[in-house]
Asks: 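Take this structure, written in structure tokens, and hold onto it; I'll ask about it next.
When a residue number appears, it is its place in the shown sequence, counting from 1.
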Amino acid sequence: MLLVIDIGNTNIVLGAYEEDKLVANWRMTTKTPRTSDEYGLFMYNLFLHKGIDVNEVKDVIIASVVPNIMYSLVNGIIKYFKTNPIIVGPGVKTGINIRTDNPKEVGADRIVNIVSTYYTYGGPAIVIDFGTATTYDIVTEDGIFNAAITSPGLKISANALWQKAAKLPEIEIKKPKTILAKNTITSMQAGLVYGYIGQVEYIVKKVKQEMNLPDMKVVATGGLAKIIYKETDAIDVYDPMLTLKGLKIIHDKNKN
């Protein structure tokens, strides 16, 4: 069994693969400081709750954009799962050629998403990850990762709105029935969600124009993608497990 772990700025997403089948997945918060025992026991108990024997886990692979939790997390895995994890980074085989100005600064999560998109859906493609930040990454037909766009995430935009404007309340992020809002809450929801739909559509349009590839596939993932993808024709595929699939692909490339 393979344990895959995607560590983002807001959440840690875990998945358990039995051969090629994702048999379980979980989500935990990233921000809470934890010791190696807390990480190890938490993950151990997730497996127990699902009725999965922890001793069946033979390999672990991690993609992380949060360096300061890695020492405790890795040691928790070694202690409770008896295995040294693969860490996605320099020296790890991905099958993708990164041709940005500084390949070493590309986040592991973006690499994993590009790998997953390319080997699952093909290229050329744009992968949009709706997370803490919203990222747009481009992979060519021959597997070259050559461009990326980063914008504030939907929750960051919402937090800025109510934290910086004293009279605006904290709201649920959802699409209102109409953009023609008649109260404060729905006016904020309309601005956030419809504004974000507009951002997605414009960025996708510009990427396709500049690359002269009008038929590029657009794949969306991330916790907040479900708010946006149904509301626009700019997104072709919504794959909430895209990153976990990418980690499995990278693990297989490094084990074969």
Asks: Relative to each other, are the rings of Y196 and F130 parallel, tilted or perpendicular (30° and 60° limits)?
Replies: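 Taking F130 first and then Y196, their aromatic rings sit tilted (interplane angle of 30° to 60°).
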Asks: Going by an N to O cut-off under 4.0 Å, is there a salt bridge joining D215 and K208?
Replies: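 Salt bridge: no.
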Asks: Any salt bridge between K245 and D239, counting N to O under 4.0 Å?
Replies: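 The answer is yes: the pair qualifies as a salt bridge.
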Asks: Do N183 and T186 pair up side chain to side chain, a donor and an acceptor below 3.5 Å, judged on atom types alone?
Replies: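 Indeed, the side chains of N183 and T186 share at least one donor-acceptor pair under 3.5 Å.
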Asks: If you compare all heavy atoms of T117 against all heavy atoms of A125, which two are closest, and at what distance to 0.1 Å?
Replies: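 What the structure gives for the nearest pair is CG2-CB, 3.7 Å.
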Asks: Which atoms form the tightest heavy-atom contact between K58 and T83, and what is the distance?
Replies: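 Looking at all heavy atoms of both residues, the shortest contact is O-OG1, 3.4 Å.
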Asks: Using 30° and 60° as the class boundaries, would you call the ring planes of Y229 and Y238 parallel, tilted or perpendicular?
Replies: parallel
Asks: Say whether, by atom type as modelled, one donor and one acceptor occur between the side chain of T221 and the main chain of D129 under 3.5 angstrom.
Replies: no
Asks: Within 45° of the six-membered ring axis of F145 and under 6.0 Å from that ring's centre, is NZ or CZ of R110 located there?
Replies: no
Asks: Under a 4.5 Å cut-off applied to non-hydrogen side-chain atoms, are I250 and I61 in contact?
Replies: yes
Asks: What do the steps show when you test M43 against I5 for side chain to side chain contact (heavy atoms under 4.5 Å, CB included), and what is the final call?
Replies: CA-CA 11 Å; M43 291 185 287; I5 305 175; 4.0 Å; yes
Asks: With respect to T94, which candidate in V112, N254, I111, I114 satisfies the side-chain contact (heavy atoms from CB on, under 4.5 Å) definition?
Replies: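 One option only clears the test, and that one is I111.
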Asks: State, to 0.1 Å, how close T184 and P169 come at their nearest heavy-atom pair, and which atoms those are.
Replies: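 Nearest pair, atom of T184 first, then P169: CG2-CD, 3.9 Å.
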Asks: Heavy atoms only: give me the nearest L247-I62 pair and the separation to one decimal.
Replies: CD2-C, 4.2 Å
Asks: Determine whether a donor-acceptor pair (N or O, by modelled atom type, separation under 3.5 Å) exists between the side chain of Y118 and the backbone of T140.
Replies: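 Checked: no pair found.
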Asks: Does a salt bridge link K217 with D236, judged by any charged N lying under 4.0 Å from a carboxylate O?
Replies: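 Salt bridge flag = no for D236 with K217.
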Asks: Using modelled atom types only, decide if a donor and an acceptor are shared between the side chain of E38 and the backbone of T35 within a distance under 3.5 Å.
Replies: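 Yes; at least one donor-acceptor contact below 3.5 Å.
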Asks: Kindly say whether T132 contributes a backbone atom to a donor-acceptor pair with the side chain of T10 at under 3.5 angstrom?
Replies: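 Checked: no pair found.
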